[in-house]
Amino acid sequence: MKKFKKIATAMMVVSLGLFLTACSNSPVTSHSTGLWDGLIVYNFSRAIIWLSKAFDYNYGIGIVLFTIIIRVIILPLMVYQTKNMKEMAELQPQLKALQKKYSSRDTDTMMKLQAEQKALYKENGVHPMASMLPMIVQLPVIFALYQAIWRTPELKTGHFLWLQLGSRDPYFILPILAALFTFFSSWLAMKSQPETNAMAMSMTFLMPVIIFFTALNVPSALSLYWVVTNAFQVGQTLVIQNPWKMKREREEKQKAKREHERAVEKAIRRAKKSHKKR
C-alpha cells in the first residue's frame with residue numbers, strides 16, 4: 001500500500017504539468033459560470049486578493065496566508081492520516097505473518113490473504129487507502145490556485161520580493177526550496193516508520209526531484225504555494241509525527257512488553273516450584 005501511495009503521488013504531480021497545459025486562459029470574473037470557474041476558481045482569486053488587501057495588495061503575502069489557511073482546514077485529515085499510518089505500521093508484523101502463511105500465488109490463496117487482511121484492518125479500525133485522502137483533497141486546490149493566478153490579471157502581473165507571480169522564478173530559488181522541504185517532509189515521515197523499504201527510500205529522493213523540475217515550469221506563485229505547504233508539512237510532522245518521539249515510544253513499549261513477558265515467566269516458574277513442593 002505504501003508503494004501504491006508513493007507511485008500515485010508521483011503520477012499526480014506529473015499529471016499537474018499535463019493538466020496545466022490544457023487550462024483555459026480566459027480571465028475569471030464575477031460573470032464566470034459553472035462549478036469550477038464561477039464557484040471555485042473565482043472565489044480562490046477573490047480570497048487571495050482579500051487577504052492581500054491588509055498588506056497593501058501584496059499578493060505574495062496573500063498567497064502565503066491562503067496556503068496556511070488551506071493547510072489548517074485540512075489539518076484534521078492530516079492528523080487522521082498520521083494516526084492511520086502509525087497504526088498501519090504497527091500491523092506490519094501481523095501482515096507479514098499473513099503473507100508468509102498465504103505465500104502461494106494461486107487465486108484461492110490470494111483471496112484468503114485479502115480476506116484475512118481486510119479482517120485485520122477492520123479489527124484495528126484502519127483503512128489502507130486513508131493515507132490518500134489529503135493528497136486527493138490537495139490536488140484540486142493546486143489546480144484551482146494555478147487557474148486563479150493565471151486567469152486573474154492582478155495576480156498574474158503581481159510582484160513579491162524578486163518574483164513576478166505569473167512567471168517562473170528566474171533564480172530557481174523557489175523550486176530548490178520546494179524540493180528541499182519536500183525531501184525533509186518525506187524523510188521525517190520515513191524515519192517515523194518502524195521499517196523502511198527500498199521503495200520508500202527511493203521515493204524520498206525521487207519526489208523532491210519531480211517537484212523541482214515541475215516547479216521550474218509553473219508560475220512562481222504556484223512554487224510559492226509548494227514551498228509554504230511543504231514547510232508547513234515539515235513543522236506538522238515534527239509536532240504530530242515526530243520520528244524521535246515515536247521511536248522512543250516504540251522502544252518503551254517493547255521494553256514494557258519484555259518486562260511483562262519476564263514477569264509472566266517468573267510467575268510460571270514460581271508456580272511450578274510451589275506445585276513440586278506439594
For Ser45 and Thr152 the tightest heavy-atom approach is OG-OG1, 2.8 Å
Can you see which heavy atom on Thr229 is nearest to which on Thr67, and at what distance? N-CG2, 3.8 Å
I'd like to know if the side chain of Ser185 and the backbone of Phe181 have a donor-acceptor N/O pair within less than 3.5 Å. no
Crowding at CE, Met110 (>12 non-hydrogen neighbours, <6.0 Å): yes
What donor-acceptor contacts under 3.5 angstrom involve side-chain atoms of residues 158-167, with partners at least two apart or in another chain?
unit_1 : atom_1 : unit_2 : atom_2 : d
His159 : ND1    : Thr157 : O      : 3.3
Trp162 : NE1    : Asp169 : OD1    : 2.8

Can you see which heavy atom on Asn43 is nearest to which on Gly38, and at what distance? ND2-O, 4.0 Å
All heavy atoms of Gln236 vs all of Leu75, minimum pair found to be OE1-CD1, 3.2 Å
With sequence neighbours excluded, residues passing ring-ring contact (aromatic ring centres under 6.0 Å, His included) with Phe44: Phe66
Check: Thr214 and Leu222 side chains under 4.5 Å, non-hydrogen atoms: no
Quick check: do Met207 and Phe183 have side-chain heavy atoms less than 4.5 Å from each other? no
Below 4.5 Å, heavy atoms only, C-beta onward: do Val218 and Ser223 meet side chain to side chain? yes
Closest contact, heavy atoms only, Pro219 versus Tyr146: CD-CE1, 3.3 Å
